[in-house]
Number of protein chains: 2
Amino acid sequence: MRIGELARRTGVSERSLRYYEEQGLLAPTRSASGYRQFTDEHVTTVRGIRSLLAAGLSTAIIGELLPCMVDTGAGLAPGCPELVPELERERDRITAAIDELVTARALLEQVIANTPAAV
Amino acid sequence: MRIGELARRTGVSERSLRYYEEQGLLAPTRSASGYRQFTDEHVTTVRGIRSLLAAGLSTAIIGELLPCMVDTGAGLAPGCPELVPELERERDRITAAIDELVTARALLEQVIANTPAAV
DNA sequence: GTTGACCTTCACGCCGGTGTCAACTTCTAC
DNA sequence: GTAGAAGTTGACACCGGCGTGAAGGTCAAC
């Protein structure tokens, strides 16, 4: 499929998809005329990218990580052992981020709850 | 206390503390010679700011929110009813962000788990 | 009177993402 | 087979928002 369809199927703008390619996160083939050609797997890849970006991973790290995530439908494949320590750091960072979010949400809840309904 | 001590006690750089003041999040008094004077309450305030920033709230929103959070030791005070809808939106956004983080973490865990220990 | 903490100001960095544009390709309809 | 619409391309610049860097000066404690 071409970029427009991938954009529709992932909800990611064409512009961002080109940006991801520029950052080395996507490597579509090209048609004779230069159009990017994506496969169904790229849909999965893009979802993974969004998820990891949302988790605060940089495009650089995601770029290292993706080759270790051959998306065979369900899951992941080979694995790059040398990346594990970094991934563990990221995982711990994410856990810390979750804690912070929970704390902040509790703070907001408290403010909301203590607010006299209307005035 | 002056800015250096507040920085030490909160772990936030002096530079950022000045930035927060610039954004209207902190309103220290000033000594005759112009030094910022912070109180113990400011320590609490700065922690709240960091928590909310970490949760993705903008300094602008935090600036609106802070006056509704007179930190009387335990908790919060008056409340600004007109802010509630926005706070609820933010709360929901935070909840969504937590979900995304959990998803991303699971993704990482999966990669880590599937990685052949060493090679 | 030197040293370290603090002051203001202006500019810059990062980074994911967007705006825009002319030129090209592909599709649709006749 | 041709016109026009729709889709795509690369390139360059720019944005928002949370900061940070550095210059050049003031203040206070010893």
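Labels below follow one simple rule: chain letters A, B, ... track the order of the sequence lines, proteins then strands, and each chain is numbered from 1.
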Sugar-phosphate, base or nothing in reach of S58(B), heavy atoms under 4.0 Å: sugar-phosphate
Using a cut-off of under 3.5 Å, enumerate the N/O to N/O pairs linking the protein to nucleotides 10-12 of chain C.
from    : atom 1 : to     : atom 2 : distance (Å)
dC10(C) : N4     : R15(B) : NH2    : 3.3

Over all atoms of both residues, closest heavy-atom pair of A7(B) and S13(B): CB-C, 4.4 Å
OP1 or OP2 of dG17(C) under 4.0 Å from side-chain N/O of Y20(A): yes
Y20(B) vs R15(B), side-chain hydrogen bond (donor to acceptor under 3.5 Å, both in side chains): CA-CA, chis, key distance, verdict: CA-CA 9 Å; Y20(B) 295 158; R15(B) 204 64 192 72; over 6 Å; no
dG17(C) OP1/OP2 closer than 4.0 Å to side-chain N/O of Y19(A): no
Short heteroatom pairs, N/O only, protein and nucleotides 3-7 of chain D, under 3.5 Å:
from   : atom 1 : to     : atom 2 : distance (Å)
dG7(D) : N2     : Y35(A) : OH     : 2.3
dG7(D) : N3     : Y35(A) : OH     : 3.3

N or O in side chain of R30(A) less than 4.0 angstrom from dG10(D) OP1/OP2: yes
Phosphate-side-chain proximity, S16(B) and dT20(D), N/O vs OP1/OP2 below 4.0 Å: yes
Phosphate OP1/OP2 of dT26(C) contacted by S33(A) side-chain N/O (<4.0 Å): yes
R36(A) and E22(A) ion-paired at < 4.0 Å: no
DNA chain D-proximal residues of residues 88-106 of chain A, any heavy atom under 4.0 Å: none
Touch class at under 4.0 angstrom, heavy-atom based, for R36(A) against every strand present: sugar-phosphate
